[in-house]
Amino acid sequence: MKPIATRKRAIASADELFSLEGIPEGVVVPEPEGEPATEAAVERLGTRFARLDGQVRHALRRTRDHAGNLSSDRLQGLSEIVQNAEDLGATDVRILTRERELLVAHNGSPVRLPDVLALAMPWLTSKAEQTESTGRFGIGLMTLQSLSPHLEVHCGHYRFRVGDPDISVGTR
């Protein structure tokens, strides 16, 4: 497929995903193919967030920003990372601190486009119907707000930042 067509398809996938009500189990949204298409999809999600009406955008950001207060345990987010990795089938989770960074890697399922949206939206989850999953409520990783105002994810072609702004392409 030509690069322009691949990018357009990725943008259409992001639009389709953003327009759904929730993330129903088994939803099939075509994954972006390659790095430029993945960046285009992430950028489109960021644009869709930026275009939300003022009060809706404000409420969403306040919910996300105050999620760090959901637990009195400042390190609750670390537990949520491990639980999320387990939900994704990980058998190995590595946590490293470096200067002012907390780096986490696991060998569970890779990031998909619905995961990008779920990471940015409090109470939205792709695991709502998985009763055995600990991360089925869509708020756990938001508790990382007590440690940092943003979360950066690197997985395959996905490089994105959640926080400020809501979703943006991450650094290399």
Side-chain angles (χ1 to χ4, degrees), residues 1-52 56-57 60-61 64 67 77 80-94 102-142 144 148 150-172:
M1 194 177 288
K2 293 183 180 183
I4 293 174
T6 304
R7 286 177 57 87
K8 284 183 178 182
R9 184 174 150 201
I11 290 168
S13 290
D15 284 339
E16 178 183 344
L17 180 62
F18 201 88
S19 297
L20 291 174
E21 186 171 326
I23 302 177
E25 183 148 358
V27 67
V28 178
V29 176
E31 277 296 307
E33 297 174 24
E35 189 175 316
T38 303
E39 284 185 5
V42 170
E43 286 172 353
R44 180 55 147 224
L45 290 175
T47 299
R48 296 290 303 258
F49 273 101
R51 290 193 316 212
L52 290 172
V56 173
R57 188 174 58 248
L60 176 64
R61 284 183 178 161
R64 184 195 61 230
E80 298 293 344
I81 289 171
V82 173
Q83 289 174 1
N84 190 57
E86 181 182 49
D87 289 345
L88 296 172
T91 57
D92 186 33
V93 179
R94 297 172 187 218
L102 175 68
L103 307 170
V104 179
H106 66 75
N107 64 345
S109 298
V111 170
R112 296 174 31 255
L113 191 57
D115 302 322
V116 176
L117 185 60
L119 283 167
M121 296 274 303
W123 305 111
L124 182 65
T125 180
S126 57
K127 300 182 270 183
E129 298 168 27
Q130 298 173 13
T131 56
E132 73 285 353
S133 173
T134 55
R136 66 185 181 278
F137 302 107
I139 198 65
L141 288 179
M142 292 290 162
L144 286 170
S148 175
H150 66 270
L151 167 70
E152 198 158 313
V153 176
H154 298 250
C155 181
H157 293 299
Y158 284 99
R159 305 273 186 277
F160 63 96
R161 182 180 177 124
V162 175
D164 189 18
D166 299 298
I167 300 176
S168 60
V169 173
T171 58
R172 293 264 152 227

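The analysis underlying the following values was restricted to heavy atoms, covering all of them including side chains, and did not include hydrogens, waters or symmetry mates.
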In a check of side chain to side chain contact (heavy atoms under 4.5 Å, CB included) between S109 and each of D115, L88, D87, which one passes?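 Exactly one candidate clears the test, L88.
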
Taking side chain to side chain contact (heavy atoms under 4.5 Å, CB included) as the criterion, tell me which of V111, I167, V153, N84 meets it with L119. V153

Got a second to check how far [X]'s [atom1] is from [Y]'s [atom2], nearest 0.5 Å?
X: I11; Y: E43; atom1: CD1; atom2: CD; answer: 8.0 Å
X: E152; Y: L103; atom1: CD; atom2: CG; answer: 10.0 Å
X: C155; Y: H106; atom1: SG; atom2: NE2; answer: 7.5 Å

Residues R9 and E33 bridged, charged N to O under 4.0 Å: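 Yes, R9 and E33 are salt-bridged.
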
Mind listing the closest non-hydrogen atom pair of [X] and [Y] along with its distance?
X: A10; Y: P32; value: CB-CB, 3.9 Å
X: A120; Y: V162; value: CA-CG1, 3.6 Å
X: V93; Y: A85; value: CG2-CB, 3.6 Å
X: T6; Y: A37; value: CG2-CB, 3.5 Å
X: A41; Y: A14; value: O-CB, 3.6 Å

Between E31 and Y158, is the side chain to side chain donor-acceptor pair (under 3.5 Å) condition met? List the steps. CA-CA 11 Å; E31 277 296 307; Y158 284 99; 2.6 Å; yes

Quick one: does S13's side chain have a donor or acceptor within less than 3.5 Å of a partner on V29's backbone? no

Start with the C-alpha gap between S19 and R48, add the side-chain angles, then the distance that decides, and say whether side chain to side chain contact (heavy atoms under 4.5 Å, CB included) holds. CA-CA 10 Å; S19 297; R48 296 290 303 258; 3.7 Å; yes

Under the salt bridge (charged side-chain N to carboxylate O under 4.0 Å, His left out) test, which residues partner R7, sequence neighbours left out? none

Mind checking salt bridge (charged side-chain N to carboxylate O under 4.0 Å, His left out) for R94 and listing every partner two or more places apart, or none if nothing turns up?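 Expected list: D92.
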
Does a side-chain heavy-atom distance below 4.5 Å link L45 with L113? yes

Apply side chain to side chain contact (heavy atoms under 4.5 Å, CB included) to the pair R161 and L151, showing each step before the final yes or no. CA-CA 6 Å; R161 182 180 177 124; L151 167 70; over 6 Å; no

Just to verify, what does L52 make a side-chain contact (heavy atoms from CB on, under 4.5 Å) with, not counting sequence neighbours?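 If we apply the side-chain contact (heavy atoms from CB on, under 4.5 Å) test to L52, skipping adjacent residues, the hits are F18, F49, V56, R57, L60.
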
